[in-house]
Amino acid sequence: MENKTIKKKRTKIITLSVIGIALVLLIIWIAWGNNALELNLYSIASNSLPKEFDGFRIAQVSDLHNAEMGKDNEKLVSMLAEADPDIIVITGDMIDSRNTKVDVALAFAEQAIKIAPCYYVTGNHEARVDEYSALKEGLTELGVTVLEDARVEIELSGEMITLIGVDDPSFQTDYLFGDDETVMKSKLDELTSEDDGYTVLLSHRPEMFDIYVESGVDLVFSGHAHGGQFRIPFIGGVVAPNQGVFPKYDAGIFTEGNTNMVVSKGVGNSIIPFRVNNRPEVILIELTTQGE
C-alpha cells in the first residue's frame with residue numbers, strides 16, 4: 001500500500017514538472033516570437049506598370065505602436081537597410097494612444113529617411129491623441145512625406161506611378177460606430193481617376209478592400225489587423241479590429257481583379273500586449289512588369 005502511495009506521489013510530481021517545463025518553454029517561445037522581427041519578400045506583377053519600374057522595391061512598416069526592436073530600433077533599421085528599398089511606406093499607428101511616445105516614432109523615422117524616401121499615412125491611434133500634430137510636424141521636418149488625403153507622383157526616367165495616401169477615417173467619424181466605408185469611398189472618389197496609370201494606395205484599414213477594388217487602384221498597402229494577433233496553423237488569425245473573429249484580411253496578399261492588397265502583420269502591439277505564432281514583420285514588395 002505504501003509503495004502505491006509513493007508511486008502516485010512520484011507520478012504526480014513528474015506530471016507537474018512536465019507541465020511546468022512546458023509552460024516555461026511556451027512563455028519563452030512567445031517572448032521570442034514577439035521580438036523576432038522578420039523580413040517577408042513578395043513579388044507583384046502588373047502589365048500596367050511602366051517598364052522603368054520593373055524591379056522597383058517598396059518596404060512597408062506598419063503598426064509600430066512605439067515598439068522598439070533593439071536599442072533605438074536598431075534591428076528594424078538594420079533590416080530596412082539590408083532590404084535596400086527604393087521607397088519606404090509607413091501605414092499608420094506609429095504611436096499608441098495608450099502609451100504615446102512621439103520621440104520613439106521620430107527617432108525611427110530619422111533613421112529610416114536615411115535609407116530611402118519615406119511616405120506616411122495615419123492610423124486610428126493617431127486620430128485619438130493630441131500629440132498627432134507634434135508627430136506630423138516632426139516627420140515633415142525630417143523629410144518624411146505625410147500624405148493626408150493626398151497624392152504624389154514618383155518618377156523614373158520620365159515615367160511615373162501615382163502614390164495616394166488617405167487619413168484614417170476615424171479622424172472624421174466615430175471609430176466604433178461611424179460610417180467609415182462612406183468616408184473612405186468619398187476620399188478615393190476625389191483622389192483617383194481613370195487616367196492615373198499604375199496607382200499605389202496607402203491606407204491603414206484592410207477591411208475596406210472592396211472599396212479599394214472599386215476605386216481601381218493597382219496596389220494597396222495596409223495594416224491594422226496585427227496578423228490576427230494569435231495565429232492558428234492552417235487557419236490564420238483569430239481576431240482583428242473592425243473585422244472581429246477569424247478576420248478575412250489578416251496578413252499577406254489579397255487579390256481581386258487588377259487590385260492587390262498587402263496586409264502587414266505590423267511590428268508592435270496595442271490593447272493586447274503580446275502575439276502568438278505571429279512574428280512582427282517588415283514587408284518588401286518588388287514590382288515587376290512580367291505579366292499578371
Side-chain angles (χ1 to χ4, degrees), residues 28-46 49 53-94 104-105 107-121 123 144 154 163 200-204 206 219-231 233 236-237 240 249-255 260-270 274-288 290:
I28 292 172
W29 176 67
I30 290 174
W32 170 83
N34 277 256
N35 292 279
L37 187 67
E38 62 182 351
L39 177 68
N40 288 317
L41 172 64
Y42 302 96
S43 178
I44 292 182
S46 173
L49 183 74
F53 285 85
D54 189 35
F56 193 78
R57 293 158 69 90
I58 305 174
Q60 180 192 18
V61 175
S62 194
D63 297 270
L64 190 62
H65 285 284
N66 289 135
E68 293 185 88
M69 292 292 166
K71 189 177 187 298
D72 298 324
N73 259 317
E74 59 184 359
K75 291 181 182 178
L76 177 56
V77 172
S78 176
M79 183 170 287
L80 282 171
E82 291 176 10
D84 192 26
D86 293 288
I87 64 172
I88 297 169
V89 297
I90 305 170
T91 49
D93 286 359
M94 284 191 78
V104 172
F108 162 70
E110 184 176 11
Q111 296 303 312
I113 197 70
K114 296 175 184 177
I115 298 169
C118 294
Y119 299 85
Y120 161 80
V121 294
V144 175
I154 298 177
L163 185 63
V200 178
L201 172 65
L202 310 184
S203 179
H204 186 63
L219 176 60
V220 185
F221 285 93
S222 189
H224 191 49
H226 291 213
Q229 201 71 39
F230 314 117
R231 295 188 66 79
Y249 306 114
D250 56 352
I253 296 180
F254 301 87
T255 302
N260 290 287
M261 180 173 70
V262 182
V263 182
S264 170
K265 293 184 290 186
V267 176
N269 299 310
S270 184
F274 66 95
R275 49 178 70 197
V276 177
N277 193 35
N278 180 22
R279 290 171 61 181
E281 70 176 350
V282 171
I283 287 179
L284 182 65
I285 297 295
E286 185 170 301
L287 302 180
T288 175
Q290 300 300 310

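We number each residue from 1, following the sequence as shown. What you are looking at is a predicted structure, and each value in this text was computed from that prediction instead of being measured.
Checked against side-chain contact (heavy atoms from CB on, under 4.5 Å), A31 has no partners two or more places apart in sequence or in another chain. D63 meets the salt bridge (Lys or Arg N to Asp or Glu O under 4.0 Å) test with no other residue; sequence neighbours excluded. Under the ring pair (Phe, Tyr, Trp, His ring centres under 6.0 Å) criterion, H224 pairs with H204, sequence neighbours left out. Under the ring pair (Phe, Tyr, Trp, His ring centres under 6.0 Å) criterion, Y42 pairs with no residue, sequence neighbours left out. Taking the side-chain hydrogen bond (donor to acceptor under 3.5 Å, both in side chains) definition, one finds that S43 meets it with nothing, sequence neighbours left out. Not counting sequence neighbours, the partners of D54 by the side-chain hydrogen bond (donor to acceptor under 3.5 Å, both in side chains) test are T288. Remark: R275 engages no residue in a salt bridge (Lys or Arg N to Asp or Glu O under 4.0 Å) (not counting sequence neighbours). In this structure N34 satisfies the side-chain hydrogen bond (donor to acceptor under 3.5 Å, both in side chains) test together with N269, sequence neighbours excluded. In terms of the side-chain contact (heavy atoms from CB on, under 4.5 Å) criterion, residue partners of E110 (sequence neighbours excluded) are, by chain and number, L142. Residues meeting the ring pair (Phe, Tyr, Trp, His ring centres under 6.0 Å) test with Y249, sequence neighbours left out: F209, F254.
Applying the salt bridge (charged side-chain N to carboxylate O under 4.0 Å, His left out) test to every pair with at least one member in residues 65-76, sequence neighbours left out, gives no pairs at all. Counting only residues at least two apart or in different chains, salt bridge (charged side-chain N to carboxylate O under 4.0 Å, His left out) contacts with residues 222-231 comprise R231-D250.
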